[in-house]
Each structure stands twice: as structure tokens, then as C-alpha cells.
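A short write-up of the structure that comes next.
Numbers restart at 1 for each chain; the letters A, B, ... are given by sequence-line order, proteins then strands.
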There are 2 protein chains.
Amino acid sequence: MATMTSADLRVHNQARLLRAVHDAPEPLTRAAAARLLTIGRNTAGALVGELERARLLHEIPAASTGRGRPTTLLVPHPEGPLAFAADIREDSWTLAQIALGGELTELESGEHDRTPAVFTQIREAVERHATDRLAAVGIAIAGPIWDGRWLHISHLGWDAVDLDEHLGDAWPTVIGNDARLAGLAEARRGALRGTGTAMHFHIDFDIGGTLLLAGDSQGGAHNIAGEFGHMPLTGSPLRCMCGALGCWSLDVGTNALMRRFGKAPGYGAGRELGREVLRRAEEGDAKAAKAVDDNAAALGRGLGALANALDPEAISLSGLGVDLIRLRRSLIEETCEAGLMAFRRSEAPPIVAGTVGEIGPLRGAAEIAFDEVLTPEWLGSRL
Amino acid sequence: MATMTSADLRVHNQARLLRAVHDAPEPLTRAAAARLLTIGRNTAGALVGELERARLLHEIPAASTGRGRPTTLLVPHPEGPLAFAADIREDSWTLAQIALGGELTELESGEHDRTPAVFTQIREAVERHATDRLAAVGIAIAGPIWDGRWLHISHLGWDAVDLDEHLGDAWPTVIGNDARLAGLAEARRGALRGTGTAMHFHIDFDIGGTLLLAGDSQGGAHNIAGEFGHMPLTGSPLRCMCGALGCWSLDVGTNALMRRFGKAPGYGAGRELGREVLRRAEEGDAKAAKAVDDNAAALGRGLGALANALDPEAISLSGLGVDLIRLRRSLIEETCEAGLMAFRRSEAPPIVAGTVGEIGPLRGAAEIAFDEVLTPEWLGSRL
DNA sequence: GTTGTTTTGTTCTTACTGAGAACATAACAT
DNA sequence: ATGTTATGTTCTCAGTAAGAACAAAACAAC
């Protein structure tokens with residue numbers, strides 16, 4: 001609960017208004033915004049007027065919906081702030097531009113050589129596209145990031161890469177784990193919208209996720225929470241490359257599928273094989289089907305355990321998880337239920353596929369970038 | 001972010017002030033409170049004045065500490081609101097009265113027959129002691145409580161006891177799981193004070209806990225989060241009485257100790273045996289020592305897994321956990337570290353004994369009761 | 001013992017906020 | 001053409017916290 005003076009009040013309400021516009025699934029009218037924030041029409045008019053003059057919001061005539069004087073639609077200002085979001089995958093990257101409200105435009109993409117030089121590539125791409133409107137940059141990457149600075153990405157051989165050496169400070173830059181950001185995207189604009197407590201899991205080579213509380217991804221002490229894949233939830237006897245024993249990720253994800261077919265669980269190289277296993281399972285190949293079964297069962301078992309601990313309203317999945325729901329929904333639900341405490345079974349959390357899709361990490365990166373902007377502090381300096 | 005008018009501002013700041021007084025480890029002076037809330041001395045004077053007139057705060061001369069005009073100490077008003085807190089254990093209960101700031105006075109205690117009749121006993125005890133000052137009642141009990149209403153306490157044979165049938169509505173009443181409330185007490189007034197992200201585990205017959213974010217215990221969708229003991233973290237092959245398989249609680253806690261000595265893991269009956277095992281282990285009995293070793297190792301293993309997932313700043317333990325830290329600190333730390341992802345090991349979260357002690361659940365119950373009071377809504381109605 | 005220093009309390013003014021009432025306006029319905 | 005409905009606009013008003021200036025109460029230094 002921050003300090004609040006009568007002058008801060010205005011900025012506070014303007015931040016609420018901008019947040020409402022940004023979060024709304026469809027453009028908000030000025031009248032609807034006033035109702036949503038429970039402020040008077042006069043106050044709404046004053047707030048919007050100042051935000052328009054600050055080139056943050058723009059009003060356009062709204063199509064009339066019935067009786068009553070027509071109102072205006074609140075849309076991002078044509079000269080308003082933009083966020084850039086980058087998604088770094090195992091050998092490629094994408095840069096996109098996002099406006100207030102979430103409109104996303106892809107700017108550029110490329111390949112990289114699996115070294116931290118990718119950050120230079122991205123920085124240069126940002127510089128190519130940057131204008132005065134660029135307010136913040138968000139980056140999604142697969143791997144843990146200690147305190148937003150130290151990268152520990154075992155499959156790229158990055159041990160403790162110092163981001164401060166690779167990112168410029170020309171723009172406020174925030175970075176997050178791809179699984180966390182995919183979850184954040186679902187919570188803000190996808191399947192988990194409106195939930196109080198929810199969980200998201202992104203299944204790729206391994207499994208990562210995030211606890212979402214009221215639309216916010218929980219970062220923990222070092223902004224490195226969410227490594228649910230590195231809990232021993234399925235009794236695997238194997239040692240994980242993270243250093244611990246029996247991690248859930250050894251049984252769920254593309255690596256787990258690959259291991260079934262005698263391939264070393266390399267990262268980045270085996271995504272095609274993973275897809276192939278799914279395809280063969282769909283076509284009736286028994287060995288592939290068994291591998292998918294085991295993957296789904298291990299997924300369900302872990303979800304049940306985590307639901308006991310964290311009591312989510314809903315659980316969403318992205319990446320391979322979407323395929324697993326499509327192919328093995330009932331198996332996942334049964335194993336999840338078996339792992340739930342008995343009294344929870346009658347109201348088990350729904351397990352749903354994410355609706356944001358492949359661009360989840362990119363969207364999530366845009367969200368954390370805009371979170372830097374939609375603050376009373378930033379707003380106060382802009383007005 | 002709630003609606004805020006210039007009139008709400010006053011109540012908002014008064015709530016902040018009362019919260020500061022309640023949370024402060026030592027009585028706050030008016031001048032210190034003004035600095036803490038970063039409000040002017042004039043504003044502080046006005047706020048305190050109104051709170052004094054509303055019989056919420058009282059000012060007494062403060063001992064002077066050096067130069068400068070003497071200030072006043074902000075203490076609870078002699079006619080101010082009180083919370084009652086009850087702690088229900090397996091065969092006994094305690095009722096206490098708590099004032100703003102946390103001063104706790106035990107009122108009454110008794111035994112019960114392990115049926116929901118205990119709630120009638122407590123209600124009658126509350127009525128015996130209630131005055132106009134009683135503002136809210138908080139209850140701690142060992143077992144999950146669905147949506148604050150349905151109790152599922154297997155060791156008492158309570159399947160879905162409806163609290164609404166057993167608690168009156170004469171006072172606002174809130175109820176919480178004892179492990180969660182012990183954790184809340186540590187976060188507000190104990191070893192976890194000031195942490196952003198922390199975890200607490202209460203080890204009794206089994207193990208329960210809570211995730212604490214900025215001093216708040218996370219309840220989940222049905223206020224029933226925190227059943228970390230019912231995750232399969234240690235690879236136990238046994239079925240748990242919760243209905244799931246391989247729960248952590250099968251390896252940690254008094255029940256786990258008892259099982260080692262051929263006793264059925266009953267609840268409530270075996271606490272003495274648990275203490276006896278600890279005593280014998282301290283005296284050098286090999287079998288007892290091994291049982292304690294296994295308990296501590298299983299504890300550490302689970303803590304490591306959970307630290308990977310939730311990235312706590314610190315972990316505190318209560319109940320049997322305090323003894324385990326005393327007797328087997330290094331074993332717990334080693335097994336925890338072995339379960340951590342390698343890159344986390346250099347900055348593993350400290351594992352500390354709770355400092356609130358046995359009355360943790362009672363203190364936590366008082367906190368949730370006062371949380372009902374220290375809101376802008378309650379305050380607004382009182383002023 | 002006098003004087004200066006430091007900290008806090010008190011008073012008054014001021015800039016600013018959002019609410020509310022009254023009225024104006026622009027659509028649709030009859 | 002007239003009434004209804006929802007929204008925009010203008011003005012007044014009660015209320016907030018900040019800031020400046022001053023008063024008061026303690027200690028420190030000489």
C-alpha cells in the first residue's frame with residue numbers, strides 16, 4: 001500500500017484507466033470505462049482528456065449501440081508508447097512490437113548460434129526499429145534467470161551468463177522465463193483470464209510453469225520461481241541435468257519422449273522427433289502410443305500433486321501440453337484425480353489448453369514490458 | 001486496485017497507519033509513524049486525532065530519546081477493538097484475546113470429545129468473555145477447510161462438517177488451517193517478518209504449510225492451499241490416508257516416526273511416542289536415531305524440491321520441525337541442497353526454526369481476525 | 001544558568017481531487 | 001414531431017495532504 005496524496009490520486013486513477021484499456025478483451029468505451037472503474041462521467045472525461053493530451057489515449061467515435069448519446073472508444077494514441085517483445089528459442093528469435101491494448105506486429109526474426117551473441121542481434125534489431133515511442137523491451141527465453149540478470153541455460157551451455165554485459169541500457173529491459181511468460185499471457189489474455197489463483201505449465205523439451213495470482217506471475221525471491229519440472233513428482237530414478245534426482249521433467253516433455261526411442265535428450269535437436277512420436281501415436285503405433293501414454297500419465301500425476309499444494313482454480317497448458325490434452329485428456333484427468341486428496345476430487349481444477357498459442361512467451365514478454373509503463377511513476381513523469 | 005475518491009484517501013491512510021501500529025514489533029511513536037508512512041507531521045496529527053476520537057488509537061507520552069520535542073507513543077485504545085482467537089488441537093482447545101499490536105491474553109482452555117461439539121464449546125466460551133469490544137473471531141484447526149466452510153479432518157473422522165451449522169454469526173468469524181496460520185504468524189511477527197516470498201512448514205503428525213507472499217498466506221481457489229505434505233516428494237510406495245499415493249507426510253512427522261516403531265499412525269494418540277523417539281535418539285538409541293535421520297532427510301528432500309518450484313527467500317519450520325533443526329540441521333541442509341537445481345545451491349534459502357513458538361496457530365488466527373478489522377470498509381463504518 | 005540546537009507539534013494557506021447536481025446533446029422509439 | 005435514454009459538460013463543493021512558518025519541549029555546550 002503506497003503513499004498517496006491528493007495529487008497522486010489522479011495518477012493512480014489514470015493508471016487504473018490505462019490498465020483497464022490495456023487489459024480489456026475488446027476496446028472499451030469511455031462510458032463503459034467509467035462504469036468499470038466506478039468513477040463519474042465527469043471524472044472519466046477529465047482523466048481521458050489529460051491522457052489524450054499526454055498522447056497516451058485516443059478517442060474515436062464509437063458505433064452507437066442503441067438509444068442514448070453516442071460515446072467514444074478508448075484506443076491507444078497513434079503517438080503513444082510501444083513495447084517491443086523478443087522471444088528467444090533454441091536457435092531462432094522473434095521481435096515484435098506491441099501497442100497498448102495488445103495489438104501485436106511482428107518486426108523481424110532470425111536465427112542465432114546458441115551463444116549470448118543473440119542478445120547483440122536482438123539489441124541491434126531493436127535499434128533498427130526503435131522510435132521515440134518505444135518505452136520498454138521485454139524478452140522471453142527458455143531457462144532460469146537469476147534476479148533478472150544471471151542466465152543458467154544448461155542446454156545452451158550457458159552457466160552464469162551476465163545479461164548486464166549483453167543488454168544495453170538504452171531502454172528499460174525486462175526478461176523472463178518463457179514458461180512463466182506463456183502463463184502470464186494466458187492469465188492476462190487467454191484461458192486463465194479472470195482467475196484469482198491458477199497455474200500454467202509450458203511443456204517443451206521439459207516442463208516449466210508459473211503460479212498466477214490475480215493475473216500476476218509469481219517470481220519468488222530471485223525471480224526464478226516456477227521450476228516445477230524440477231520436483232521429483234513421478235518417482236523417476238534418473239538424474240536430471242539440472243543436478244537433482246528424479247525430476248518431473250524426466251517423465252514429461254519432448255526429452256522424455258525422445259528417451260523412449262533411445263535418443264539422447266538433447267535440446268533443440270529433438271523437437272522434430274517429438275512431433276513424429278505424436279504423429280505415430282495418432283496413427284496407431286503401439287510403442288509411440290505407450291510413450292505418449294506415459295507422458296500424459298506423468299503429467300497428470302504431477303498436476304494432481306501440485307493442485308494439492310497450491311489449490312488452483314484452473315490449470316492451463318501450452319506447447320506439447322496442448323497436444324497431450326487433445327490426445328490424452330481423460331488419462332491426464334484420471335491420473336491427476338488419483339493424485340488429488342480424496343476430498344478435492346469432486347471439484348478438481350479444470351485442465352485446459354492455453355488459448356494464446358505459440359506466441360505465448362512473446363505476449364507475456366510484452367506484458368512485463370507494459371507492466372513497466374503502466375505504473376504511477378512512469379505515468380507521473382509522462383504527464 | 002480499488003476505487004479511490006479524495007474522501008477514501010483519508011480512510012486509506014488511516015488503515016495504513018493502524019496496520020503499521022499493529023504490525024510494528026515495538027510500539028511506534030507518532031513521529032516515527034509519520035516517517036514510516038512518508039506523510040507530514042501535520043497529516044499524522046490529523047489522522048491520529050481522528051483515530052483517537054474513534055477509540056482506535058491512544059496516545060501516551062513517549063520516553064524521550066535525545067534532543068527534540070518529545071512525541072507520543074501510539075498504543076491501542078483502552079476501548080478499542082479486540083479479536084478472539086481459538087486454537088483447536090486434537091483433544092483440547094484454547095481461547096485467547098488479542099489487542100491491536102498483538103498483545104495476547106489467554107482467556108480459557110478446555111478439552112473436547114473430538115466431535116464438532118467443540119465448536120459449541122468455543123462459541124459458548126466466546127460468549128462468556130465477549131464485550132462490545134470484540135470485533136472478530138479467528139479459529140485455527142488442524143485440517144483442510146474448503147472455502148472456509150467445509151471441514152475435512154480425516155483423523156477426527158470429520159468428512160464434510162459444515163461449519164455454518166456449528167458457528168454462530170454473532171461475530172465475524174474466520175477459520176484457517178493451523179499450519180497456514182502458524183506460517184502467517186511467522187511472516188507477521190516471527191522468523192519470516194519482512195520477507196517477500198517465503199514458505200513455512202508446520203510438522204506435527206504430518207506436514208502442512210503455506211506460501212507467504214509479502215506477509216500474506218496464500219489460500220488458493222478454495223482457501224485450501226498449503227497441503228504440501230500431500231505431494232509425492234520422497235518416493236514413498238505407501239498409500240496415504242488422504243487418498244493419494246506416496247505423500248511426503250508418509251515420511252515426515254510424528255506419524256512417520258511411529259510407523260518406524262510398528263505403531264499404527266493414529267493421530268492424537270502418538271504425540272508422546274514421537275517425543276519419546278526424539279529423546280531416545282538424543283540419548284544414542286540407534287533405531288531411534290535412524291528414524292530421526294530418515295525423517296530429517298525426507299524433510300530436506302522435500303524442501304529442496306519446493307524451493308526449486310517456489311524460490312523462497314527463507315523457509316521456517318514449526319512443531320516437530322524445530323526439533324529436527326536442533327538435532328539434524330546439517331542433514332536437512334544437505335538433503336535440501338541435493339534436491340536443489342545446481343545453480344541454486346550457492347544461495348540456498350535459509351532453513352530456520354520459527355520464533356513464534358507453540359502459539360503460532362493462535363497468533364495466526366488472531367492475525368486473520370484482525371485482517372477483517374483493519375480494512376477501509378470496517379474503518380469507514382467505525383469513524 | 002544561559003544560549004543554541006534539534007526534533008516534533010500546530011496552525012494556516014494552498015493546490016488539487018472526485019462527487020454531485022443541473023443542464024446540454026445526440027442517438028433511438030413511438 | 002415528440003418522448004426516452006444514455007452520455008457529455010459545466011459548475012460548485014466538501015475534503016485531502018503538502019508546505020511554510022512558527023511554537024514548544026527536550027538536550028548540549030559553554
Side-chain angles (χ1 to χ4, degrees), chain A residues 1-18 20 27-54 57-75 376 379-380 383, chain B residues 1-18 20 27-54 57-75 376 379-380 383:
Chain A
M1 236 192 295
T3 307
M4 186 82 65
T5 137
S6 41
D8 297 333
L9 204 49
R10 191 53 153 267
V11 180
H12 167 88
N13 279 329
Q14 280 168 333
R16 286 208 305 149
L17 181 57
L18 279 182
L28 225 47
T29 66
R30 197 169 95 179
R35 277 191 299 270
L36 187 65
L37 306 190
T38 58
I39 57 178
R41 299 191 301 271
N42 48 359
T43 306
L47 294 179
V48 170
E50 285 179 28
L51 289 172
E52 173 103 48
R53 281 190 292 281
L57 276 187
H58 186 54
E59 288 186 281
I60 59 176
S64 83
T65 57
R67 282 187 174 182
R69 177 171 173 171
T71 180
T72 57
L73 232 40
L74 303 179
V75 298
L379 220 55
L383 288 169
Chain B
M1 231 190 300
T3 308
M4 185 82 64
T5 138
S6 42
D8 296 334
L9 205 49
R10 191 53 153 263
V11 181
H12 168 88
N13 279 328
Q14 280 168 332
R16 286 209 305 149
L17 181 58
L18 279 182
L28 224 49
T29 66
R30 198 169 94 180
R35 277 192 300 269
L36 188 65
L37 305 189
T38 58
I39 57 178
R41 298 193 300 272
N42 47 1
T43 307
L47 294 178
V48 169
E50 285 179 27
L51 290 172
E52 172 103 47
R53 281 192 290 283
L57 277 186
H58 186 54
E59 288 186 282
I60 59 176
S64 82
T65 57
R67 280 186 175 181
R69 177 170 173 172
T71 179
T72 57
L73 231 40
L74 303 178
V75 297
L379 219 56
L383 289 168

Subject >> Residue closer to the 5' end of DNA chain C, A:A46 versus A:P70 (nearest nucleotide) >> reply: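 Going by which nucleotide is closer to the 5' end, it is A:A46.
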
**OP:** With DNA chain C as reference, determine whether A:N42 or A:R69 sits nearer its 5' end, using the nearest nucleotide of each.
**Re:**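 By nearest-heavy-atom nucleotide position, the 5'-most residue is A:N42.
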
**OP:** Examine distances only and state if a side-chain atom of B:E52 and a backbone atom of B:E59 form a donor-acceptor pair shorter than 3.5 Å.
**Re:**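 At least one qualifying donor-acceptor pair exists.
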
Original post:
Is there a donor-acceptor contact under 3.5 Å from the side chain of A:R30 to the main chain of A:V48?
Top reply: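 No: the side chain of A:R30 does not pair with the backbone of A:V48.
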
**OP:** Check whether any side-chain heavy atom of B:I39 lies under 4.5 Å from a side-chain heavy atom of B:L47, and answer yes or no.
**Re:**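 B:I39 vs B:L47: side chains touch.
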
What are the two closest non-hydrogen atoms of [X] and [Y], and how far apart are they?
| X | Y | answer |
| --- | --- | --- |
| A:A20 | A:L36 | CB-CD2, 3.9 Å |
| A:L379 | A:A15 | CD2-N, 3.4 Å |
| B:T71 | B:A31 | OG1-N, 3.6 Å |
| A:A33 | A:L17 | CB-CD1, 3.8 Å |
| A:L73 | A:P27 | CG-CB, 3.9 Å |
| B:A34 | B:A44 | CB-CB, 3.8 Å |

Original post:
Does C:dT7 have OP1 or OP2 sitting under 4.0 Å from an N or O in the side chain of B:R35?
Top reply: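 For C:dT7, neither OP1 nor OP2 has a side-chain N or O of B:R35 closer than 4.0 Å.
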
Subject >> B:T71 side chain near C:dT8 phosphate (N/O to OP1/OP2, under 4.0 Å) >> reply: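 No, because none of the side-chain N or O atoms of B:T71 sits under 4.0 Å from OP1 or OP2 of C:dT8.
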
**OP:** Could you list where the contact with chain B starts and ends along DNA chain D, reading 5' to 3', using a 4.0 Å heavy-atom cut-off?
**Re:**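 In short, chain B contacts DNA chain D from D:dT16 to D:dA28.
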
Touch check for [X], heavy atoms < 4.0 angstrom, all strands: base, sugar-phosphate only, or nothing?
| X | value |
| --- | --- |
| B:G45 | nothing |
| A:R10 | sugar-phosphate |
| B:N13 | sugar-phosphate |

Between atom [atom1] in [X] and atom [atom2] in [N], what is the gap in whole Å?
| X | N | atom1 | atom2 | result |
| --- | --- | --- | --- | --- |
| A:L47 | C:dA19 | CG | P | 9 Å |
| A:R30 | C:dA26 | CZ | C1' | 14 Å |
| B:L9 | C:dA15 | CG | P | 19 Å |
| B:R41 | C:dT11 | CZ | P | 14 Å |
| B:L73 | C:dG9 | CG | P | 12 Å |
| B:H12 | C:dT17 | NE2 | P | 17 Å |

**OP:** Please determine, for the side chain of B:S6, which listed nucleotide (C:dT25, C:dG18, C:dG9) has the closest atom?
**Re:**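 The listed nucleotide nearest to B:S6's side chain is C:dG18.
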
Might you list the N or O atoms of the protein lying below 3.5 Å from N or O atoms in nucleotides 28-30 of chain C, with each pair's distance?
unit_1	atom_1	unit_2	atom_2	d
C:dA29	O4'	A:R67	NE	3.2
C:dA29	O4'	A:R67	NH2	2.6

